[in-house]
S.K.: 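Structure in C-alpha cells, see below.
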Protein chains: 2
Amino acid sequence: MLTDRQIQVLQVIIDEFIQTAQPIGSRAIAKKEQISFSPATIRNEMADLEDLGFIEKTHTSSGRVPSEKGYRFYVDHLLSPFHLSNKEMSVIAKAFEKELIEFEKVVQKSARILSDMTNYTSIILGPEVFKTTLKQIQIISLSDQAAVAILVTNTGHVEHRYFTIPNTMQTGDLEKLVNILNRRLVGVPIIHLQEKLYGEVAQLLQQYSNDFEKTYAYLKAALMEHKPVKLYMDGKTNILLQPEFNDVEKIQSLYSVMEKEDEMANVLRTSGKGIKVSIGQENELDEMQDCSLITATYTLGGEQMGTIALLGPTRMEYSRVISLLNVLSKQLSRTFNTWY
Amino acid sequence: MLTDRQIQVLQVIIDEFIQTAQPIGSRAIAKKEQISFSPATIRNEMADLEDLGFIEKTHTSSGRVPSEKGYRFYVDHLLSPFHLSNKEMSVIAKAFEKELIEFEKVVQKSARILSDMTNYTSIILGPEVFKTTLKQIQIISLSDQAAVAILVTNTGHVEHRYFTIPNTMQTGDLEKLVNILNRRLVGVPIIHLQEKLYGEVAQLLQQYSNDFEKTYAYLKAALMEHKPVKLYMDGKTNILLQPEFNDVEKIQSLYSVMEKEDEMANVLRTSGKGIKVSIGQENELDEMQDCSLITATYTLGGEQMGTIALLGPTRMEYSRVISLLNVLSKQLSRTFNTWY
DNA sequence: GTTAGCACTCTTAAACATTGAGTGCTAAAT
DNA sequence: ATTTAGCACTCAATGTTTAAGAGTGCTAAC
C-alpha cells in the first residue's frame with residue numbers, strides 16, 4: 001500500500017525525529033544520502049503520507065512529525081535489528097557474572113541497567129507469587145498476643161504476615177501448629193494455600209481444641225491478605241530529560257500514574273508473552289497516552305515468570321529498546337533457570 | 001531589635017505570602033484589619049525590614065516577599081499554635097483506632113495522612129535497626145548450595161539474607177547451627193550481632209568441623225551486609241502542585257535527590273530530637289535549598305526510634321505542619337509503646 | 001511621627017513588524 | 001508521466017513598541 005519511496009521517506013522522518021524531537025522538512029530529508037530526490041518530490045510524498053495518516057504537521061507550514069500510526073508502521077515493518085555495542089554488552093554481562101543469589105538484587109540491578117542505558121523509566125514486575133510453592137512456614141511469637149508467620153517459597157522468596165494469637169493459647173501449642181502446617185502445606189502452590197488451609201488442615205486442627213480454631217481463623221485472615229506482586233522501578237526522573245515533558249501538567253499526570261503501583265503492575269501482568277509495544281493511545285491508562293511502553297517477559301522453565309518494561313515518550317528509540325529488552329529478558333530467564 | 005509594628009507587618013507579609021505565593025504591597029497590608037496605618041507608613045517599615053534582611057523585592061517596584069531570614073524569624077517567634085480541625089483530628093484518630101499490628105502499615109498510613117492533609121511530600125524513617133534486638137533466627141535451605149537466614153527482631157521486624165552453604169555440609173548440620181546461633185544470639189542488639197558472631201560463636205562453631213567454619217564465613221558476610229533503614233515516602237507528586245515548582249529544572253533536581261534514599265535517610269536520621277525546621281539554604285543537601293523540611297521524632301520507651309518529616313516549598317504552612325507532625329509523632333510513639 | 005501626593009520603576013500584556021523555515025501549487029524540464 | 005524549479009503564501013518565533021497597572025521611594029505637608 002505504501003510505495004518504496006514513501007517508506008523510505010517515512011523511515012527518514014521517524015529516524016530523524018527520534019533523534020532530534022524536531023519536525024522534519026523536505027529539504028532536510030533530501031539532504032540525507034539514502035535519498036536521491038528533490039525536496040519538491042519529497043513534499044509530494046509527504047502530502048500523501050499525511051493523507052494516509054502516517055505523519056502530521058504541527059502547524060500549516062511546519063515540517064512533519066510521525067503520527068502514532070506512523071510509529072506503529074515503523075515498529076511493525078521498518079525496524080532493523082539494532083546491535084548493542086560491545087561496551088554495552090559487557091556492562092550487562094558483568095552485572096550478571098558475579099554470583100548473585102538474591103532475587104531482589106538481580107532485579108534491581110537489571111532495572112538500573114535498563115534505565116541507565118536508555119534514559120527512560122524501567123519497570124520490572126517480580127515473579128507471580130501464585131506460580132511458586134510453599135517451601136516452609138515458620139511462626140514466631142512476638143508477645144502474648146502477636147505472632148508473625150514467615151513463609152518461604154521454593155524460589156527463595158520470603159514473606160511475612162502478622163496475626164493475633166488468642167490468649168488461651170499455650171507456648172507449646174504454637175510449635176504443634178507449625179508442625180501441622182508444615183506437614184500439610186509444604187509444596188502447595190501459594191495460590192492454593194488458603195483453600196488447602198480451609199479443607200484438610202482445618203479438620204486436623206479442630207481435633208485439638210477451640211483455641212486452635214480461633215488461631216486458625218486469625219491465621220487464615222493473615223494468609224488471605226493479598227500481597228501484590230512487587231514492582232521495581234528505576235530512572236523515574238529520566239522522563240524529565242525528554243523535551244516532550246517540559247510541561248508540568250504532563251509530568252504530573254504521568255507521575256501520578258506511576259505512583260499507582262497496582263495499576264502499573266496490572267498493565268505489565270496482562271502484557272502477554274514476548275516483546276510487546278504499546279504506542280500512545282494504545283495504552284490502557286489514560287495518563288500514559290503520550291508515552292510508549294515496551295514490555296518483555298522472562299520465563300522459568302518455559303513458563304512466563306515476570307515482565308520487564310521501559311516507559312518513555314512515543315518518540316522512543318524503539319529499535320535499541322527492543323534489542324536491550326530482548327537481551328536482558330533472556331539473561332534474566334537464564335539466571336533464574338540456573339537457580340531453580 | 002524589631003519594633004512591634006515591624007513584627008506586625010512582617011507577620012502579615014509572611015502569612016499572606018504563604019497563602020497566595022504573590023508579593024505583598026503596602027496597600028494590601030494597610031487593608032488588613034489588624035493594621036491601622038497608612039500604606040506610606042508601611043512602606044517605610046518595609047524598607048527597614050528589607051534593610052534588616054527579613055523581606056525581599058522580586059524587582060525594583062514589586063511588593064515584598066519573605067526572605068529565608070524572615071521565615072526563620074517567623075518560625076522562631078511568630079508561630080501561633082495551630083488547631084487542627086475536628087474533622088482532621090478524627091481522620092487521624094480513625095486511622096489508628098483499628099487494631100493494627102503491622103509496623104509497615106501504620107507507617108504507610110501515617111505517610112499517607114501527612115501528605116494528603118498538607119499537599120506536601122511526607123517522608124518517614126523507620127525505626128533504627130540497631131536499637132532493636134534479635135528475637136529469633138531461622139535458617140531455611142533452598143537448595144544444596146543456597147539458604148536463607150531469617151532474622152526476627154523484638155519489634156517484629158523480619159529481615160532475610162541469602163547465603164551459600166558449602167557442599168560438604170549435611171542436612172542435620174544446619175539445624176545444629178541454628179540452635180547454636182539462637183542459644184547465643186537471641187537478645188543481642190542487631191548492631192552487635194556481627195562482633196558477637198565473631199567472638200563467642202565462632203569458637204563454638206570451630207569445635208565442630210571445618211565445614212562449619214566455611215558456613216560461618218558465608219553467614220557472617222550475609223549478616224554484615226548493611227541493610228539501610230527503610231524510608232517511606234508519600235505524595236511525591238504533591239510538590240508539583242506548588243507554583244514555585246513549575247520549572248522543570250527545579251522538579252528534576254528535587255526528584256533526583258528524593259531518589260537517593262540513603263542521603264534522605266541520613267538527613268532525617270541526624271535531625272535530632274523533637275521538631276526541627278530547616279529552611280532553604282539551611283538544608284544540607286543542595287537540591288533541597290528551595291525547600292523547607294520539617295522533622296519530628298517518635299520514640300519508644302523514651303528513646304528516639306525514628307523520624308517523620310514533611311518536605312515542601314520554603315513558603316510552607318509552618319504552623320499547620322508543625323501541629324500536624326506533633327500530633328502524628330505522638331500518636332506513633334503511643335502506638336508503638338503499647339505494642340512493645 | 002504619620003500621611004498624602006507624585007514622579008519614577010518595572011512587570012505584564014497586547015499589538016505590531018520582521019524573519020525564516022517550510023509548505024502547496026503551477027509550470028517547465030526530463 | 002514523473003520530476004523538479006520557482007514562487008507565493010502561511011505560520012511560529014522573535015524582537016520592538018506601547019500602554020496599563022502595581023508598587024515603590026521621596027518630599028513636603030499634616
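The model shown is predicted, which means the values in this text are computed figures rather than measured ones. In what follows, chains are A, B, ... by sequence order, proteins preceding strands, each numbered from 1. Computation of the quantities below employed the complete heavy-atom set of this structure, encompassing side-chain atoms and omitting hydrogens, waters and symmetry-equivalent molecules.
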S.K.: Kindly point out which of C:dT23, C:dT3, D:dA22 is positioned nearest to the side chain of B:Ser61?
M.R.: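 So the side chain of B:Ser61 is nearest to D:dA22.
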
S.K.: Nearest whole angstrom, please: distance from the P of D:dG25 to the CD1 of B:Ile42.
M.R.: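 Distance check: B:Ile42 CD1 to D:dG25 P gives 13 Å.
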
S.K.: Relative to the ring of A:Phe17, is the ring of A:Tyr71 parallel (under 30°), tilted (30 to 60°) or perpendicular (over 60°)?
M.R.: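 Answer is tilted, since the angle falls between 30° and 60°.
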
S.K.: Surrounding CG of A:Asn86 (heavy atoms of other residues, nucleotides or ligands, distance under 6.0 Å), is the total greater than 12?
M.R.: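 No - once you tally the heavy atoms of other residues, nucleotides and ligands closer than 6.0 Å, there are 12 at most.
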
S.K.: Taking atom C1' of D:dA5 as reference, at what distance in whole Å does atom CZ of A:Arg27 sit?
M.R.: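 The distance from CZ of A:Arg27 to C1' of D:dA5 comes to 14 Å, rounded to the nearest Å.
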
S.K.: List, one per line, each side-chain donor-acceptor pair under 3.5 Å for residues 311-319 of chain B, sequence neighbours excluded.
M.R.:
| unit_1 | atom_1 | unit_2 | atom_2 | d |
| --- | --- | --- | --- | --- |
| B:Arg315 | NE | B:Glu244 | OE1 | 3.0 |
| B:Arg315 | NE | B:Glu244 | OE2 | 3.1 |
| B:Arg315 | NH1 | B:Ile18 | O | 2.6 |
| B:Arg315 | NH2 | B:Gln242 | OE1 | 3.0 |
| B:Arg315 | NH2 | B:Glu244 | OE2 | 2.8 |
| B:Tyr318 | OH | B:Ser292 | OG | 2.7 |
| B:Tyr318 | OH | B:Thr314 | O | 2.6 |
| B:Ser319 | OG | B:Ser80 | O | 2.8 |

S.K.: Taking the side chain of A:Ser38 as heavy atoms from C-beta outward, which of D:dG25, C:dT23, D:dA5 is closest to it?
M.R.: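 Among D:dG25, C:dT23, D:dA5, the one nearest the side chain of A:Ser38 is D:dA5.
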
S.K.: Whole angstroms only, please: what is the CE-P distance between A:Met46 and C:dA21?
M.R.: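 Atom CE in A:Met46 sits about 15 Å away from atom P in C:dA21.
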
S.K.: Which of these nucleotides, C:dT3, C:dT23, D:dG25, is closest to any side-chain atom of A:Ser26?
M.R.: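 So the nucleotide nearest the side chain must be C:dT23.
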
S.K.: Carefully, step by step, assess A:Lys236 and B:Glu259 under the rule salt bridge (Lys or Arg N to Asp or Glu O under 4.0 Å).
M.R.: CA-CA 8 Å; A:Lys236 281 194 197 174; B:Glu259 275 200 337; over 6 Å; no

S.K.: What contact category does B:Ser62 fall into here, base, sugar-phosphate, or nothing, at under 4.0 angstrom with non-hydrogen atoms?
M.R.: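 B:Ser62: backbone/sugar contact only, no base atoms under 4.0 Å.
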
S.K.: Report the nucleotide, chosen from C:dT23, D:dT4, D:dG25, that has the shortest atom-to-atom distance to any side-chain atom of A:Lys57.
M.R.: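 Out of C:dT23, D:dT4, D:dG25, the nucleotide with an atom closest to A:Lys57's side chain is C:dT23.
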
S.K.: If I take atom CZ in residue B:Arg43 and atom P in nucleotide C:dC8, what distance separates them, rounded to the nearest angstrom?
M.R.: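 The answer, rounded to whole Å, is 16 Å.
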
S.K.: Using side-chain contact (heavy atoms from CB on, under 4.5 Å) as the criterion, point out the one residue from A:Ile279, A:Ile14, A:Ile294 that pairs with A:Val75.
M.R.: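 Single pass found, and it is A:Ile279.
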
S.K.: Which nucleotide in the set C:dT2, D:dT4, D:dG25 lies at the smallest distance from any side-chain heavy atom of B:Ala47?
M.R.: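 Among C:dT2, D:dT4, D:dG25, the one nearest the side chain of B:Ala47 is D:dG25.
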
S.K.: How close or far is atom C1' of C:dC25 from atom CG of A:Asn44, stated in whole angstroms?
M.R.: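 Value for this atom pair: 9 Å.
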
S.K.: Can you measure A:Glu50 atom CD to C:dT23 atom P for me and round it to whole angstrom units?
M.R.: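 Interatomic distance, CD of A:Glu50 to P of C:dT23: 10 Å.
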
S.K.: Check this for me: does the side-chain of B:Arg64 come within 3.5 Å of the base of D:dG25 through a donor and an acceptor?
M.R.: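 Checked by distance alone, the answer is no.
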
S.K.: Could you state the CD-P distance from B:Gln6 to C:dT2, rounded to the nearest angstrom?
M.R.: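 For the pair B:Gln6 CD and C:dT2 P, the rounded distance is 12 Å.
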
S.K.: In whole Å, what is the span from the NE2 atom of B:His59 to the P atom of C:dT12?
M.R.: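 Distance check: B:His59 NE2 to C:dT12 P gives 6 Å.
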
S.K.: Could you check whether B:Thr58 gets within reach of a base, just the sugar-phosphate, or nothing at all, counting any heavy atom under 4.0 Å?
M.R.: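 Counting heavy atoms under 4.0 Å across all strands, no contact is made by B:Thr58.
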
